[in-house]
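Remarks on the structure that follows.
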Amino acid sequence: MTMQGIDVAQRSFLQQQPIKMLIGGQWVEAASGKTFDTINPSTGEVLARVAEGDGEDINRAVLAARKAFESGPWPKMTPSQRGRLLWKVADLIEEHAQELAELETLDNGKPIKYSKAADVPLTADHFRYFAGWATKLEGETIPVSIPNMFTYTLREPLGVVGQIIPWNFPLQMASWKLAPALATGNTVVLKPAEQTPLTALRLGELIQEAGFPDGVVNIVPGFGETAGAALAAHLDVDKIAFTGSTEVGKKIVQASAGNLKKVTLELGGKSPNIIFPDADIKYAVRGALNAIFFNQGEVCTAGSRLFVHKSVYDQVVDGLSSAASKMKLGQGIDPATDMGPLVSQEQLARVTGYIDMGKQEGANPRTGGARPDGDLAQGYFMQPTVFDQVNDDMTIAREEIFGPVVVAMPFEDVEEVAARANQTMYGLAAGVWTSDVKKVHRMVAALKAGVIWVNTYNQFDAAAPFGGYKQSGYGREMGHAALDAYTQTKTAWINVR
Ligand code: NAP
Ligand code: MG
């Protein structure tokens, strides 16, 4: 296993054969002894062999999580002690920032400049934000109208939480799941995506180092159809938090029925990004570029449907196409890279299929639409692609592509564009570019999406709630809204007569 001559700090981590899973505080191989390879998508080379968890390992992990929830040090810890442990994880992430950024980039393909500037610091931030909440989970005293009753509420953890995450932001997704679950006193079994298991496992080591009691956090890498499905169906799991495709989200809901476990879902999107003629056009073009091409377009909120007022349509589409064609495609680990490869051969095939379909249906790729050749031919690269001559009914305008492909469509007025923007089964995010304050408020009210960005795009902060309308999911992560997803309310009635 070569490492392209790059001196990575985590060489020893990667050279474990295989990288093991974390169950009950121990690093163990799969019960079956099976392993799978994780690939560097920039080169197609194998990065590491990883223990392949399945139903049996999920059983072991759930048992460990149950034990840690019911007995041992975890349920006796004070909120302050829980908060300190989370804070310590954030410190350790910062201490190992370079290593984690490299690992994330090698496994996922994303540019190292973004892993360093965004993925790793935002992950640390997330743990710190929720560390603060551990001491602020207050109930209420309720002024009931029955004499002599003192009535109050407690917020209690749910129990054992199963968490299933995708490959696009492996470390951040792990933190969005783990931090609120732990701040509220639950125990966790986390299944990372098969394409990108590495940073979650390294994070598991840091969580152990921080001093979390054994079994509070269990991490079982493996496949969705086996490990993921077993976790979703497990009768001793109290909740599933899932981020991924809408299709798999529906399977999770079905699997949860056995014990009516609680479910929160962060699913796909086909988000509209709308540019009005009164916007600062240069700025809006840069915003549209970031909205679709950040993270290779592998972002659930990607601004993949670009609506541009007809009076500035040519100017915007020309500007966007020209900027897209100048983006530097390269290996994730190269500091000059603007856009890396797609995460896998499978994802490349999926995105290529959509591009071909767009061409067949009569759309015109203004730029991109092909794979780069030369040095990059070994990796799963796709050029940033801007389609015009698109209509609302084309497949590429309706389905989530989850790659660097945007469709541009002209519009004429506010009502029309709001209606077209909402014509989708999804409702995750939307962007609006205008300098007219009235349009801002009309659009914020009209758009059916869980997050609306005005004169900006792809902003995330641990304090700001995030989640979808319609088939983009249910429940909210981040902010204090996330605490509701990991606690249940107990109402106590005390007769004081
Ligand atoms: P995916 O196929 O839905 O996979 C997500 C996770 O679910 C992976 O860990 C996967 O395991 C697991 N899984 C697959 N089948 C399962 C099953 N039957 N039961 C239980 N778990 C199962 O999605 P993806 O292709 O990895 O990610 C891309 C999708 O995620 C896009 O649609 C995107 O919009 C969505 N996404 C949404 C958000 C959000 O916050 N709303 C964020 C990121 C991504 P494997 O790794 O083995 O497949
Ligand atoms: Mg990989």
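Quick caveat: nothing in here was measured; it's all calculated off a predicted structure. Every number for a ligand or one of its atoms is a count from 1 in the order of the listing.
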Ligand 1 contact by [X], heavy-atom criterion under 4.0 angstrom:
X	value
Gln195	yes
Gly222	yes
Phe242	yes

(request) Would you verify whether the NZ or CZ of Lys239 falls within 45 degrees of the ring axis of Tyr486 while also being under 6.0 Å from that six-membered ring's centre? (result)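 Yes, cation above the ring, under 6.0 Å and within 45°.
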(request) Flag yes if more than 12 heavy atoms outside Glu209 fall under 6.0 Å of its CD atom; otherwise flag no. (result)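 Yes, enclosed.
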For the residue pair [X] and [Y], is the inter-centroid distance of their aromatic rings smaller than 6.0 Å?
X	Y	value
Phe294	Tyr114	yes
Trp176	Phe466	yes
Tyr469	Tyr426	no
Trp453	Phe460	yes

Got an N/O contact under 3.5 Å between [X] and ligand 1?
X	result
Thr246	no
Trp176	no
Leu428	no
Ile165	yes
Ser472	no

(request) Check Asn290 against Asn458 and note the closest heavy-atom contact, atom names and distance. (result)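 Looking at all heavy atoms of both residues, the closest pair is O-ND2, 3.7 Å.
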Where does [X] meet ligand 1, judged by heavy-atom distances below 4.0 Å: at the side chain, the backbone, both, or neither?
X	answer
Glu266	both
Gln347	neither
Asn168	side chain

(message) One thing to verify: whether Lys191 and Asp57 come together as a salt bridge, which I'm taking to mean a side-chain N less than 4.0 angstrom from a carboxylate O.
(response)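 No, no charged N to carboxylate O under 4.0 Å.
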(request) Counting heavy atoms only, name the option from Pro221, Gly228, Pro166, Ala302 that's nearest to atom 20 (C) of ligand 1. (result)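 Among Pro221, Gly228, Pro166, Ala302, the closest heavy atom to atom 20 (C) of ligand 1 belongs to Gly228.
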(request) Looking only at protein heavy atoms, identify the closest one to atom 14 (C) of ligand 1 and say how far it is in Å. (result)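 Residue, atom and distance for the closest contact: Gly224 CA, 3.6 Å.
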